[in-house]
Amino acid sequence: MGSTGVPLPMAVSSPEIPAVKEGSAPAPPAIGSKPKKKICCACPDTKRLRDDCVVEHGESACTKWIEAHKRCLHAEGFNV
């Protein structure tokens, strides 16, 4: 078990939810319109924070990240 020379990503111990100013989020799309992205590609920042937290601490300890990701997806036009 030696070092492979490939740096591993640093774990975020207790990141804060980025502040979002009123009106800075994209406006929700018109009713009946489709999102412009696939759900897997939307909101990569909140998705990464949510996934890292769940892996490290378990789902029950990460509700703020899960909700932040849901809010982001909703803002992108997904009904989650």
Side-chain angles (χ1 to χ4, degrees):
M1 297 229 155
S3 175
T4 61
V6 178
L8 297 175
M10 302 263 316
V12 179
S13 60
S14 181
E16 295 298 321
I17 296 174
V20 177
K21 293 182 180 179
E22 184 87 20
S24 66
I31 295 176
S33 68
K34 289 187 173 183
K36 297 180 187 219
K37 301 176 185 176
K38 292 180 182 181
I39 196 166
C40 62
C41 300
C43 305
D45 295 331
T46 57
K47 181 179 180 182
R48 180 182 47 80
L49 290 170
R50 178 205 63 185
D51 292 350
D52 289 348
C53 182
V54 170
V55 168
E56 191 171 324
H57 304 289
E59 187 175 336
S60 62
C62 300
T63 55
K64 73 176 185 177
W65 298 115
I66 294 168
E67 292 304 315
H69 187 57
K70 285 181 181 179
R71 285 191 305 270
C72 181
L73 290 174
H74 183 71
E76 292 286 336
F78 294 97
N79 187 17
V80 291

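FYI, side chains are in, hydrogens and waters are out, and symmetry mates aren't considered; it's all heavy atoms of this structure. Note that the coordinates shown come from a computational prediction; the quantities given were computed from them, not determined experimentally.
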- Query: If you round to the nearest 0.5 Å, how far is CZ of F78 from NZ of K70?
  - Reply: 15.0 Å
- Message: Just verifying a value: how many Å separate C62 SG and E56 CD, rounded to the nearest 0.5 Å?
- Response: 8.5 Å
- Query: Measuring from R71:CZ to C43:SG, what's the distance to the nearest 0.5 Å?
  - Reply: 11.0 Å
- Message: For the CG atom of L73 and the OG1 atom of T46, what is their distance to the nearest 0.5 Å?
- Response: 6.0 Å
- Query: Any idea which heavy atoms bring A42 and E76 closest together, and the distance?
  - Reply: CB-CG, 4.3 Å
- Could you tell me whether E67 and K64 have a side-chain N and a carboxylate O separated by less than 4.0 Å? no
- Item | Closest approach of I66 to R50 (non-hydrogen atoms, all atoms of both residues) | CG1-CG, 3.8 Å
- Quick one: pull up CG in D51 and CH2 in W65 and give me the separation to the nearest 0.5 Å. 12.5 Å
- Item | Closest non-hydrogen atom pair, A61 against C53 | O-SG, 4.3 Å
